[in-house]
Amino acid sequence: AQSVTQLGSHVSVSEGALVLLRCNYSSSVPPYLFWYVQYPNQGLQLLLKYTSAATLVKGINGFEAEFKKSETSFHLTKPSAHMSDAAEYFCAVSYALNFGNEKLTFGTGTRLTIIP
Amino acid sequence: NAGVTQTPKFQVLKTGQSMTLQCAQDMNHEYMSWYRQDPGMGLRLIHYSVGAGITDQGEVPNGYNVSRSTTEDFPLRLLSAAPSQTSVYFCASTPGGTQPQHFGDGTRLSIL
């Protein structure tokens, strides 16, 4: 079985400060890992994905994440927070069965607040 | 390019009523899924489909039915609505493999 743990349901950072959102996964086989962002009253938008290529993955809006197998982690970072980054962020894991990533397991989400 | 379209955006039902949440995608994706989002619980998979005529249960399937008669459409049916089904429902599609899922904007459903 696969699972995802996001540490911290709420994170607040000052504008211009480092953003670090934590995600640890559990999977019995090599995983595919994703970060999604959800703005208020909207659906989920893909930020970035890890699919067993480079361990440091760059996404949209200046976000990146590093896959660390030894730590079973896939933390999301951004060097300098912007007010527009305020949203809820979800880490998700899947693994390729016969059909790919149609079964996605999500973490419980982290709400990011940016302090002016 | 519309992507994944969900209707309605909002709905209020009374306990015991039935209804169908519609989901359509125009990207010719084989795989489609329904999730529900509840506070503090992230998104949980209700049902999914790997192609027309093929569906399977996810993590929380009880009280919901699905069918997939075409590649484009994947409706979710609530047979007899219960207050515990008050939630935000998201439909998603993907071509599969390493490709990510594309989400609709959601249906906000309240059961009184």
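Quick note: numbers below take in every heavy atom, side chains included, and nothing from hydrogens, waters or symmetry partners. The structure presented is a predicted model; accordingly, all values stated were derived computationally and were not measured. Every chain is numbered from 1, with letters handed out A, B, ... down the list of sequences.
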Worksheet item: If two hydrophobic side chains count as joined below 4.5 Å and joins carry through other members, does A/Met83 share a cluster with A/Leu18?
Response: no
Fill in: Top of A/Gln45, A/Lys49, A/Gln6 for chain B proximity - count of heavy-atom pairs under 4.5 angstrom
A/Lys49
Discussion item. Measuring from atom CG of A/Asn41 to atom CZ of B/Phe10, what distance do you get when rounded to the nearest 0.5 angstrom?
Written reply: 6.5 Å
Worksheet item: With the 4.5 Å side-chain cut-off for hydrophobic clustering, are A/Val57 and A/Ile60 part of the same group?
Response: yes
Worksheet item: How many angstroms lie between atom CG of A/Leu104 and atom OH of B/Tyr48, to the nearest 0.5 angstrom?
Response: 12.5 Å
Fill in: Contact origin within B/Arg44 toward chain A - heavy atom pairs under 4.5 Å
neither
Response to the item:
Value for CD (A/Gln38) from CZ (B/Phe90), rounded to nearest 0.5 Å, stands at 4.5 Å
Practice prompt. To the nearest 0.5 Å, tell me how far B/Gln37 CD sits from A/Thr108 OG1.
Written response: 11.0 Å
Discussion item. For residues A/Tyr39 and A/Val11: do they belong to one hydrophobic cluster (side chain heavy atoms under 4.5 Å, members Ile, Leu, Val, Met, Phe, Trp, Tyr)?
Written reply: yes
Worksheet entry | Heavy-atom side-chain proximity of B/Gln101 to A/Tyr36 below 4.5 angstrom | yes
Discussion item. Heavy-atom cut-off 4.5 Å, strictly under: side chain, backbone, both or neither for A/Leu46 against chain B?
Written reply: side chain
Discussion item. For the CZ atom on A/Arg22, are there more than 12 heavy atoms of other groups (residues, nucleotides or ligands in this structure) within a distance under 6.0 Å?
Written reply: no
Worksheet entry | A/Leu56-A/Leu47 co-clustered via ILVMFWY side chain contacts under 4.5 Å | no
Worksheet item: Going hydrophobic residue to hydrophobic residue with side-chain gaps under 4.5 angstrom, can you get from A/Ile115 over to A/Val19?
Response: no
